[in-house]
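All values reported here derive from a predicted model rather than from experimental measurement.
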Amino acid sequence: MKKDCVKTCTIFYIIFVIYLSIFGLTMVYSGDLKHLDNLLDKNQKEAYYKIKKERLNHFYTGLCIGGLLGLGVILSNIQVTSKYCLAGIILLVVTSTVYCVLPKSDYMVKHLKTEEQKLAWITIYRNFIKKKIAGFLGVIILYFCVPMFF
């Protein structure tokens with residue numbers, strides 16, 4: 001296996017496992033999201049679901065663009081031994097970039113009225129940052145500890 005293949009695939013696996021960790025942690029621990037949902041009135045919930053739907057569409061748009069670019073790399077004649085890992089990196093990076101770059105029509109913070117709702121939103125934000133850090137640290141630990149067992 002060539003050295004560039006190992007580097008490219010290592011980068012892909014790191015990014016991929018971070019993604020999986022964040023999604024996994026969000027699925028396992030979503031109490032903060034449920035708490036906010038319980039605090040919202042009918043109009044706020046409508047705005048919240050509209051915002052969530054728009055963000056999900058942004059994610060899908062990024063996924064489609066990244067998928068097409070990744071597929072382009074796989075189908076191209078590029079002389080790289082790790083085409084699939086490179087395509088995976090492109091998919092994940094483009095998905096995140098497109099999601100961040102696309103304009104957002106509304107923000108939930110504009111719809112929050114009570115102090116308790118605002119604190120719940122801050123908790124969600126802080127927990128998301130913690131999930132990102134936990135995912136990154138988990139990958140680093142895996143990266144350095146797994147080779148010790150093989």
Just wondering, more than 12 heavy atoms not from [X] lying within 6.0 Å of its [atom1]?
X	atom1	result
E116	CD	no
Y84	OH	no
R55	CZ	yes
Y48	OH	yes

Is there a continuous path of hydrophobic side-chain contacts, each under 4.5 Å between heavy atoms, that joins [X] to [Y]?
X	Y	value
F16	F59	yes
V93	I14	no
F23	I15	yes
L92	I89	yes
L36	L56	no

>> Between T97 and V94 (side chain of the first, backbone of the second, donor and acceptor by atom type, cut-off under 3.5 Å), is there such a pair?
In response: no
Which heavy atom of [X] sits nearest a heavy atom of [Y], and at what distance?
X	Y	answer
I90	G70	CG2-N, 4.0 Å
M108	Q44	CE-O, 3.8 Å
G135	I18	O-CG1, 3.8 Å
G67	L91	N-CD1, 3.3 Å
C9	S82	SG-CB, 4.0 Å
G62	T95	O-OG1, 3.4 Å

> In chain order, what residues pass the ring pair (Phe, Tyr, Trp, His ring centres under 6.0 Å) check against Y99, with sequence neighbours excluded?
Replying inline: none
>> The test is side-chain contact (heavy atoms from CB on, under 4.5 Å); show your working for L69 and I65 and say whether it passes.
In response: CA-CA 6 Å; L69 291 174; I65 294 169; 4.1 Å; yes
>> Test: side chain to side chain donor-acceptor pair (under 3.5 Å). Region: residues 102-111. Which pairs qualify, not counting sequence neighbours?
In response: E54-S105, D106-H111
>> Filter on side chain to side chain donor-acceptor pair (under 3.5 Å), then keep only pairs touching residues 27-39, sequence neighbours left out; what's left?
In response: D32-N127, D37-Y49
> T114 versus L119: any side-chain heavy-atom pair under 4.5 Å?
Replying inline: no
>> I'd like to check K113 versus N43 (side-chain heavy atoms, cut-off strictly below 4.5 Å). Are they in contact?
In response: no
>> Using the side-chain hydrogen bond (donor to acceptor under 3.5 Å, both in side chains) criterion, which residues pair with K50? Sequence neighbours excluded.
In response: none
>> Tell me every residue that passes side-chain hydrogen bond (donor to acceptor under 3.5 Å, both in side chains) with S96, counting only those two or more places apart in sequence or in another chain.
In response: Y19
Nearest 0.5 Å, what's the [atom1]-[atom2] distance between [X] and [Y]?
X	Y	atom1	atom2	answer
L68	L63	CG	CG	10.0 Å
I22	K130	CD1	NZ	15.0 Å
K83	T8	NZ	OG1	13.5 Å
N57	C64	CG	SG	10.0 Å

>> I'd like to check the side-chain contact (heavy atoms from CB on, under 4.5 Å) partners of I129; sequence neighbours left out, ordered by chain and number.
In response: Y125, I133
> Given L102 and T61, is the side-chain contact (heavy atoms from CB on, under 4.5 Å) satisfied, shown in steps?
Replying inline: CA-CA 9 Å; L102 284 177; T61 301; 4.2 Å; yes
